[in-house]
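One structure is given below, encoded as structure tokens.
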Amino acid sequence: MIERDKLDAGAETPQIMPQFKYSTLAVHAGQQPDPLTGAVNVPVYLSSTFELTGIGESKGWDYSRAGNPTRDRLEEALAALEGGTSGHAFASGMAAIYALVATLHSGDHLICSHNVYGGTARLFNLIVRHYGIEIEYVDTSKPEKVAGAIKPNTKLIHVETPTNPLMVLTDIAAICEIAHAKGVEVSVDNTFMSPALQSPIALGADVVMHSTTKFLNGHSDGLGGALIGTKPEHKDRFLLVQKAAGGILSPFECFLVLRGIKTLPLRMKQHEENGRAVADFLATQPKVTRLNYPGLKSHPQHALAAKQQRGFGSMLSFDLGGRDSVERFLRALKLFLNAESLGGVESLASHSATTTHAALNDAERAAVGITDGLVRLSIGIEDKEDLVADLDQALKAV
Ligand SMILES: Cc1ncc(COP(=O)(O)O)c(C=O)c1O
């Protein structure tokens with residue numbers, strides 16, 4: 001019989017296949033053949049409950065909210081890809097962020113990057129704030145502002161880099177140094193880069209967060225989220241939240257993410273190549289202003305992106321001057337889909353003010369620079385010439 005400790009390598013993650021490089025890890029970490037059958041794919045253990053071997057004794061699992069063999073494998077893979085010591089899969093990216101702050105106490109102070117995904121701000125402003133947790137939005141792209149904002153009750157600095165949709169970067173190493181000197185932990189939302197292009201833990205981060213819905217899964221089918229911790233205390237804490245609050249990822253969606261992860265390095269290479277091609281094209285277009293792509297030398301944080309990322313990714317945004325122009329542009333697109341979300345194999349275009357950032361009011365959007373003319377693109381893995389041709393013809397309609 002399989003003992004759980006043969007499958008659940010969460011605690012031993014740093015030792016998992018340390019001899020292998022990233023693409024090998026993506027295919028194999030957590031994805032070893034099934035010990036029972038030899039199946040090369042991780043089985044989907046659709047079992048809510050597990051037969052116990054005695055009172056208080058089990059083969060490692062008792063109830064799927066607390067732990068499931070398919071989820072264990074995904075969590076092992078995620079921890080290995082991010083270089084953490086434990087991975088924890090949640091029902092969505094938002095469920096993961098909720099889990100991250102669930103164990104803060106009333107009176108604690110949380111610092112958050114000031115232009116983050118609108119859903120993060122919605123969670124913090126409309127729910128978490130009511131628990132008596134003090135939330136302060138700070139421009140984390142300026143380390144000195146973070147240093148000035150830390151207070152004796154600051155428990156966590158949550159950073160999104162690059163930000164959705166304005167592609168503003170935060171210097172992870174600089175923020176971690178400032179935070180750690182004051183005993184404060186740093187969590188990084190690594191959704192836009194994926195572990196293939198950015199390793200926050202190697203730069204000092206304590207916790208990495210993902211919406212696995214995006215690049216990690218990569219096929220726009222399952223939602224999911226993850227936290228990757230670096231300390232035994234994180235493992236205890238996030239396991240507790242999984243078990244106590246229950247916002248865990250289903251075995252089938254764990255399987256989808258495991259499958260997606262195998263091709264992550266390959267997909268990211270194509271995303272990256274296409275992202276650069278599209279950015280280079282848009283940079284030549286007179287109707288396009290405020291083009292935000294850190295891979296362009298004109299991006300104010302290009303040097304930081306080149307230093308802390310292993311590529312520039314395939315997310316970008318730009319301004320078309322107003323909502324009507326965006327409407328004409330989105331309607332004219334033939335290949336790009338006018339849809340929210342990102343990180344899938346297909347290219348998407350969206351109007352940030354009415355989609356990802358609809359939760360902010362006009363003043364809040366204006367304060368972070370999300371205008372009515374802003375368009376966000378998630379560049380997929382199609383042929384880059386087809387993508388550029390589609391954008392070219394749609395821009396003519398603006
Ligand atoms: C940067 C970022 N973080 C978190 C989330 C939330 O993830 P989910 O939609 O899986 O809940 C999103 C969603 O778009 C995102 O873009």
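Counting starts at 1 for both ligands and their atoms, following the listed order.
With a 4.0 Å heavy-atom cut-off, ligand 1 is reached by no atom of E340.
Using a 4.0 Å cut-off to heavy atoms of D189, the atoms of ligand 1 that qualify are 1 (C), 2 (C), 3 (N), 4 (C). Taking every heavy atom of L342 and a limit of under 4.0 angstrom, the matching atoms of ligand 1 come to 16 (O). Contact atoms of ligand 1 toward E160: 1 (C) (distance under 4.0 Å to a heavy atom of the residue). Proximity to G224 (heavy-atom distance under 4.0 Å) selects the following atoms of ligand 1: 10 (O).
Annotation: G93 places an N or O atom under 3.5 Å from an N or O atom of ligand 1; distance criterion only. At least one N or O atom of S211 sits closer than 3.5 Å to an N or O atom of ligand 1. Ligand 1 has a nitrogen or oxygen under 3.5 angstrom from a nitrogen or oxygen of M94. Considering both main-chain and side-chain atoms, T120 never comes within under 3.5 Å of ligand 1 through any nitrogen or oxygen pair.
V27 and L81 are assigned to two separate hydrophobic clusters, defined by single-linkage of ILVMFWY side chains at heavy-atom distances under 4.5 Å. Note on V44 and L256: same hydrophobic cluster, where clusters join Ile, Leu, Val, Met, Phe, Trp and Tyr whose side-chain heavy atoms are under 4.5 Å apart, directly or indirectly.
Under the 4.0 Å criterion applied to side-chain N and carboxylate O atoms, D372 and R323 are not assigned as salt-bridge partners.
Taking the six-membered ring where the residue is Trp, the centroids of H302 and F312 are separated by under 6.0 Å. H28 and F20 have their aromatic ring centers separated by at least 6.0 angstrom.
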Indicate every side-chain donor-acceptor pair of residues 169-181 with a distance under 3.5 Å to a residue at least two apart or in another chain.
{"unit_1": "T170", "atom_1": "OG1", "unit_2": "T140", "atom_2": "O", "d": "3.4"}
{"unit_1": "T170", "atom_1": "OG1", "unit_2": "T140", "atom_2": "OG1", "d": "2.7"}
{"unit_1": "D171", "atom_1": "OD1", "unit_2": "A173", "atom_2": "N", "d": "3.3"}
{"unit_1": "D171", "atom_1": "OD1", "unit_2": "A174", "atom_2": "N", "d": "3.1"}
{"unit_1": "H180", "atom_1": "ND1", "unit_2": "C176", "atom_2": "O", "d": "3.3"}
{"unit_1": "H180", "atom_1": "NE2", "unit_2": "D206", "atom_2": "OD1", "d": "3.4"}
{"unit_1": "H180", "atom_1": "NE2", "unit_2": "D206", "atom_2": "OD2", "d": "2.7"}

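For K262, the NZ atom counts as densely surrounded, since its 6.0 Å shell holds more than 12 non-hydrogen atoms of other residues, nucleotides or ligands. Shown here is K231, whose NZ atom has more than 12 heavy atoms of other residues, nucleotides or ligands within 6.0 Å.
Here the heavy atom of the protein found nearest to atom 16 (O) of ligand 1 is N164 ND2, 2.9 Å. For atom 15 (C) of ligand 1, the closest heavy atom belonging to the protein is Y117 CG, 3.7 Å.
At least one heavy atom of K214 sits less than 4.0 Å from an atom of ligand 1.
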